[in-house]
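Below, each value reflects all heavy atoms present in this structure, side chains not excepted, and no hydrogens, waters or symmetry copies.
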Amino acid sequence: MDLKTKQPWLLLLILYIGVFSSCRSKQQVRLPANFKGPNELSRLYGVRIMPGDNIFLYNEGAKWLGTPHRMGGTTRKGVDCSGLVTNIYREVYGKQLARSSADMLKHNCRKVGRSRLKEGDLVFFQTGGGRKKTPNHVGIYLKNGKFLHASTSKGVMVSNLSEPYYIRTFITGGKVK
């Protein structure tokens, strides 16, 4: 990567540090030790992270990648889909969401179509038995059709909405209120 493509990130980082450090004279702002840059995040997610993207969402999600699935779990030792979403939303956006995918859609979201999904929106699926339009699985939309979720078989991972399984089971997107 040449200097021209690195410049927007360098400028963004300098601006971020400058804005937040100028407000507090005695406190120094430091990025967490495990904070990943756009190149590493792009590799992890399989999408190109750009200056307008929410790098904090991608960093928080990266901490969870590979965590095993555990029904009812909410920790990095094991997490289910709604536990993953509630943890990430609390850390990145400071919002408390309902604990089940059906309640998230019902109480915390405004429905949006697949073609109108934006970074940070939720994606809802009906993956098993139960009422056809009641979600039992949720993930966080990233970009370019990719979303982060806790798969029952593979744990926390990134998948694509264009995979046949997700085309078949997709119910709706949700913009968090």
Side-chain angles (χ1 to χ4, degrees), residues 36-93 95 97-177:
K36 296 174 180 3
N39 292 338
E40 186 175 357
L41 291 169
S42 294
R43 184 186 57 75
L44 282 172
Y45 286 102
V47 295
R48 187 165 177 195
I49 309 299
M50 304 294 288
D53 295 335
N54 185 342
I55 197 163
F56 298 102
L57 170 62
Y58 289 94
N59 261 285
E60 188 61 28
K63 295 175 190 176
W64 291 89
L65 286 172
T67 300
H69 180 271
R70 179 177 296 149
M71 188 59 76
T74 59
T75 70
R76 290 195 184 92
K77 290 184 178 181
V79 69
D80 65 13
C81 63
S82 58
L84 174 71
V85 170
T86 57
N87 274 303
I88 291 177
Y89 252 78
R90 184 181 60 249
E91 291 300 314
V92 175
Y93 300 106
K95 293 186 178 185
L97 301 180
R99 184 57 179 89
S100 76
S101 53
D103 285 343
M104 281 179 197
L105 179 58
K106 184 176 180 180
H107 300 293
N108 302 123
C109 292
R110 178 178 49 83
K111 289 182 179 181
V112 294
R114 184 188 314 240
S115 64
R116 296 180 54 109
L117 287 168
K118 303 283 187 220
E119 176 185 82
D121 287 346
L122 303 184
V123 286
F124 295 93
F125 305 89
Q126 202 330 301
T127 61
R131 297 204 320 252
K132 190 171 186 159
K133 294 294 180 181
T134 302
N136 63 356
H137 188 63
V138 63
I140 300 175
Y141 187 76
L142 300 171
K143 64 189 290 188
N144 301 340
K146 305 269 180 128
F147 67 101
L148 180 70
H149 66 118
S151 158
T152 55
S153 59
K154 297 180 181 172
V156 178
M157 61 182 290
V158 176
S159 294
N160 197 312
L161 288 173
S162 65
E163 294 172 31
Y165 179 75
Y166 296 113
I167 290 172
R168 187 173 68 252
T169 60
F170 181 82
I171 295 175
T172 189
K175 185 160 299 301
V176 175
K177 300 175 193 172

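Remark: side-chain polar atoms of Thr172 are not paired, donor with acceptor, to backbone N or O of Val123 under 3.5 angstrom. A donor-acceptor distance shorter than 3.5 angstrom exists from the side chain of Tyr45 to the backbone of Ala62, with no hydrogens or angles considered. Remark: the backbone N or O of Val112 is not paired with any side-chain donor or acceptor of Asp121 at under 3.5 angstrom. With Asn87 contributing its side chain and Leu84 its backbone, the two residues share no donor-acceptor pair below 3.5 Å. Between the side chain of Ser42 and the main chain of Ile49, a donor-acceptor pair closer than 3.5 Å is present. Checked by atom type and distance alone, the side chain of Gln126 never pairs as donor or acceptor with a backbone atom of Phe170 at under 3.5 Å. Judged by distance alone, with hydrogens and angles left aside, the side-chain atoms of Tyr141 form a donor-acceptor pair with the main-chain N or O of Gly145 at under 3.5 Å.
Qualifying side chain to side chain contact (heavy atoms under 4.5 Å, CB included) partners for Lys95, counting only residues two or more places apart in sequence or in other chains: Tyr89, Tyr93, Val176. Lys177 meets the side chain to side chain contact (heavy atoms under 4.5 Å, CB included) test with no other residue; sequence neighbours excluded. The salt bridge (charged side-chain N to carboxylate O under 4.0 Å, His left out) test applied to Lys111 returns no partner, not counting sequence neighbours.
Between the side chains of Ser151 and His69, not a single donor N or O lies within less than 3.5 Å of an accepting N or O.
Nearest heavy atom pair, residue Thr67 against residue Trp64, reads OG1-O, 2.7 Å. A pairwise comparison of heavy atoms in Pro135 and Leu105 identifies CG-CD2, 3.9 Å as the closest pair. Closest of all the heavy-atom pairs between Asn136 and Cys81 is O-SG, 4.2 Å. Listed here is the closest heavy atom pair of Leu41 and Lys36: CD1-O, 3.5 Å. Closest non-hydrogen pair, Thr134 versus Ala102, comes out as CG2-CB, 3.9 Å. The heavy-atom pair separating Leu97 from Thr86 by the smallest distance is O-CG2, 3.8 Å.
For residues 133-154, the pairs satisfying salt bridge (Lys or Arg N to Asp or Glu O under 4.0 Å) are Asp53-Lys143, with sequence neighbours left out. Among residue pairs with one or both ends in residues 68-81, those qualifying as salt bridge (Lys or Arg N to Asp or Glu O under 4.0 Å) are Glu60-Arg76, Asp80-Arg99; sequence neighbours excluded. Among residue pairs with one or both ends in residues 156-168, none qualify as salt bridge (Lys or Arg N to Asp or Glu O under 4.0 Å); sequence neighbours excluded.
Note: Phe125 and His137 have tilted aromatic rings, judged against thresholds of 30 and 60 degrees for the angle between ring planes.
Expressed to the nearest 0.5 Å, how far CD1 of Ile88 lies from CG of Asn59 amounts to 11.0 Å. The structure places CG of Asn144 at 11.0 Å from CG of Leu161, a figure rounded to the nearest 0.5 Å. Atom CG of Leu142 sits about 10.0 Å away from atom NE2 of His149, to the nearest 0.5 Å. In this structure, the separation between CZ on Arg48 and CG on Asn39 is 8.5 Å, given to the nearest 0.5 Å. Rounded to the nearest 0.5 Å, atoms CD1 (Ile140) and OH (Tyr58) are 10.5 Å apart.
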Requested in this report: Let me see the working for Val158 and Leu65 under side-chain contact (heavy atoms from CB on, under 4.5 Å), right down to the final yes or no.
Outcome: CA-CA 8 Å; Val158 176; Leu65 286 172; 4.1 Å; yes
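If you look at Phe147 and Tyr166, their ring centroids are closer than 6.0 Å.
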